[in-house]
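Letters A, B, ... are given to chains in the order of the sequence lines, protein chains preceding strands, and every chain is numbered from 1. What you see below is based on every heavy atom in this structure, not just the backbone, and it leaves out hydrogens, waters and symmetry mates.
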Amino acid sequence: MSNEPAATPTPSDFIRDIVAQHVADGKYAGIVTRFPPEPNGYLHIGHAKSICLNFGIAREFGGVCHLRMDDTNPTKEEVEYVDSITDDVRWLISGWADHVLRYKRVGDTTAQRVEPGEGTEPFYASDYFQQLHDYAVALIKAGKAYVCDLTPAQTDEYRGSPDKPGRPSPFRERSIEENIALFARMKAGEFPDGARTLRARIDMTSPNVWLRDPLLYRIRHAAHHHAGDAWCIYPLYDYAHCLSDSIEGISHSVCTLEFDVHRALYDWILENLPVPQPRPHQYEFARLNLTYTVMSKRKLMQLVKEGLVSGWDDPRMFTIRGLRRRGVTPEALRAFAIGVGVTKFNSLTEVAVLEHAIREDLNQRALRRLGVLRPLKVVITNLPAPVTCQATNNPSDETAGTRDVAFTRELWIEREDFMEDAPPKFFRLKPGGEVRLKYAFIIKCDEVVKDAAGEVVELRCTADLDSKSGGPNAGRKVKGTIHWVSAEHAIDAEVRLYDRLFTEADPEEDGRDFKTVINPHSLEVVTAKVEPSLADAKPAERYQFERLAYFALDKDSQPGRLVFNRTITLKDAWAKEAKKV
RNA sequence: UGCCAGAUGGUGUAACGGUAGCACAAACGACUCUGACUCGUUUUGUCUAGGUUCGAAUCCUAGUCUGGCAGCCA
């Protein structure tokens with residue numbers, strides 16, 4: 001069953017407008033986009049926006065989209081990240097854009113695109129190292145690149161600053177022959193890390209610092225996770241990215257706003273090399289920011305490394321893996337990522353928007369179940385024998401059917417569904433009051449049993465045996481309905497109740513350290529009493545414990561030991577009402 | 001006080017010289033065997049100042065504010 005909203009409007013934004021115009025003009029033979037993560041960390045919800053944009057454009061304009069590892073820095077990248085990124089991307093687009101995803105054959109370095117399958121893998125920028133190298137030689141031969149011997153510190157100093165022009169490197173005027181020879185020796189491994197670089201010869205006085213003879217290659221005697229030991233010089237982002245786009249035949253290279261100033265360099269490189277035409281162009285949009293979270297890989301890494309969360313897939317993390325583990329579906333994440341829109345405005349989106357998308361999705365698909373998080377015993381004093389009740393599996397899906405639940409003399413109800421001194425608007429159980437037990441009977445609280453400390457430990461109630469749900473006299477109305485489970489039949493489950501990781505909407509407001517505003521209550525673990533049908537809970541299934549929240553089975557679950565993650569609570573009007581008092 | 005980008009309700013986003021709309025949030029109400037869902041109603045907006053025009057969120061000028069840019073990271 002596809003849970004994509006039936007009437008999802010086709011998104012429209014300034015980038016799609018440009019693509020549409022190019023399609024109308026027939027500028028490119030086909031639309032080819034790409035999602036180019038660096039495999040140095042896990043994907044987060046910000047990447048989800050980019051994935052949905054790039055794959056969305058491809059599917060809407062009859063194009064294709066490459067997954068490409070932007071792996072030009074061997075010291076930071078690992079196969080572990082390649083694998084997780086690939087898995088997350090395929091999960092996110094599943095059932096939506098699988099058909100536009102393109103890979104290449106394992107071992108192929110010519111960017112021949114194929115559909116994913118046996119013997120294929122994502123594209124890698126590192127597959128193009130030889131071509132990139134050859135292009136660099138061409139640049140040198142054209143007098144447009146040179147080998148520079150400045151140290152890193154000197155390079156910085158010569159570059160100047162945004163408001164002060166730089167000055168030329170003393171090595172800027174080396175002869176072409178000398179540059180060719182030196183670059184060859186760099187490649188041959190004759191120099192130590194950092195000793196020399198290859199730089200483009202552009203303009204040391206440009207107001208755009210990225211045009212002040214930017215570095216193209218640096219020396220790194222390090223093995224590469226994909227290219228192996230073949231190289232000891234590695235290209236930098238600006239040089240590798242535009243050419244990788246060109247090599248793969250990308251038409252629209254979409255990235256985030258901070259690359260705006262790099263566009264001039266992107267264009268310079270492609271205009272000064274004999275690349276196929278029409279060449280790709282870069283377009284920038286604003287990255288996603290969400291309230292009550294931090295978004296950069298660096299900060300997420302910090303949370304993981306310092307043990308503030310259990311890992312990259314901690315359900316409190318807004319990594320794609322964390323969201324997955326929490327129980328968010330790809331449909332919900334997509335609906336959100338597409339819904340926030342694409343602009344150049346630096347925005348801060350409220351998490352409420354994400355939460356809404358998750359609830360909307362889960363409300364449609366979740367199986368309803370009865371579960372009590374914080375149990376309080378109820379004894380039905382007048383129940384002659386156990387009774388079987390029929391419960392609806394999913395009110396928004398008739399085909400989900402019903403199931404039987406046992407109603408017995410001893411039950412568990414939610415502790416917070418009883419109040420001894422209840423305000424007038426409290427519609428649940430109170431001494432002498434009546435409430436309906438969902439799918440079962442109306443009960444009346446006759447007696448409150450307390451322990452020596454004065455804490456309520458048991459309620460003794462009588463059921464209106466005539467009021468059974470579905471029965472002839474079920475029509476009698478009481479104001480409240482609460483959930484329950486049979487004490488005899490209920491099974492235990494560990495339930496992890498997650499809340500937002502930060503107490504402040506903007507954890508880094510005024511430059512404060514986000515670690516000072518971590519929510520100490522972002523995880524609470526309880527042992528819940530849940531109905532026995534949940535013993536068969538499946539990882540792919542989603543559940544709503546009625547009146548409480550949506551849950552998904554955690555990977556820590558084992559046969560006989562259930563673990564559920566709370567994906568998101570139901571909206572709770574009573575919580576708001578209770579706060580007013 | 002260098003260069004680039006941006007500014008529409010609380011938040012996000014439409015309107016492409018012609019009625020400022022949608023979503024989330026908020027408030028109120030209806031319904032309810034989930035205080036959920038659903039439905040209805042309501043509040044709140046074009047950064048400022050000039051100009052062009054019959055008419056400006058949109059075009060022009062000036063200003064204000066915000067973000068980005070000085071890794072041998074991407």
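Side-chain N/O atoms of A:Thr72 include one lying less than 4.0 angstrom from OP1 or OP2 on B:rA74. Contact between the side-chain N/O atoms of A:Lys479 and the OP1/OP2 oxygens of B:rU32 is not found at any separation under 4.0 Å. Contact annotation: A:Arg218 side-chain N/O to B:rC73 OP1/OP2 distance is under 4.0 Å. Phosphate proximity of B:rC73 to A:Arg220: present, with a side-chain N or O under 4.0 Å from OP1 or OP2. Taking side-chain N and O atoms only, A:Arg159 has a distance below 4.0 Å to OP1 or OP2 of B:rC72. Remark: A:Lys576 is in phosphate contact with B:rA27, judged by side-chain N or O atoms under 4.0 Å from OP1 or OP2. Between A:Thr343 and the phosphate of B:rU13, there is a side-chain N or O to OP1/OP2 separation shorter than 4.0 Å. The phosphate of B:rU34 has neither OP1 nor OP2 within less than 4.0 Å of any side-chain N or O from A:His483.
If you check B:rC72, B:rA70, B:rC16 against the side chain of A:Pro162, the one that comes closest is B:rA70. The listed nucleotides are B:rG35, B:rC33, B:rA36; the one nearest the side chain of A:Arg428 is B:rG35. Closest contact between the side chain of A:Thr197 and the listed nucleotides B:rG12, B:rA74, B:rC72 involves B:rC72. Side-chain proximity of A:Thr481 to the nucleotides B:rA25, B:rC33, B:rC72 is greatest for B:rC33. Counting only heavy atoms from C-beta on, A:His356 has its side chain closest to B:rC24 among B:rG35, B:rU13, B:rC24. Distances were taken from every side-chain heavy atom of A:Ala352 (C-beta onward) to each of B:rC24, B:rU34, B:rU13; the shortest belongs to B:rC24. You'll find that the side chain of A:Asp260 is closest to B:rA5, out of B:rU13, B:rA5, B:rA74. The A:Leu570 side chain lies nearest to B:rU34 when the options are B:rU34, B:rG35, B:rC37. The side chain of A:Arg547 has B:rU34 as its nearest neighbour among B:rC3, B:rA74, B:rU34. Of all nucleotides listed (B:rG12, B:rC69, B:rC33), B:rC33 comes nearest to the side chain of A:Lys438.
Both thresholds, 5.5 Å between centres and 30° between ring planes, are not jointly met by A:Tyr237 relative to the base of B:rA74, so the two rings are not stacked. Aromatic stacking of A:Phe427 on B:rG35: satisfied, with centres closer than 5.5 Å and planes within an angle under 30 degrees.
To the nearest whole angstrom, the two C1' atoms, one in B:rA25 and one in B:rU43, are 12 Å apart.
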Quick one: the dot-bracket string of RNA chain B, using Watson-Crick and G-U wobble pairs with both distances under 3.5 Å, [ ] for crossing pairs and | for bases paired to another strand. .((((((..((((....[..)))).(((((.......)))))....(((((..]....))))))))))).....
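At a cut-off of 3.5 angstrom, counting only N and O atoms as typed in the model, there is no donor on one side facing an acceptor on the other between the side-chain of A:Glu258 and the base of B:rG67.
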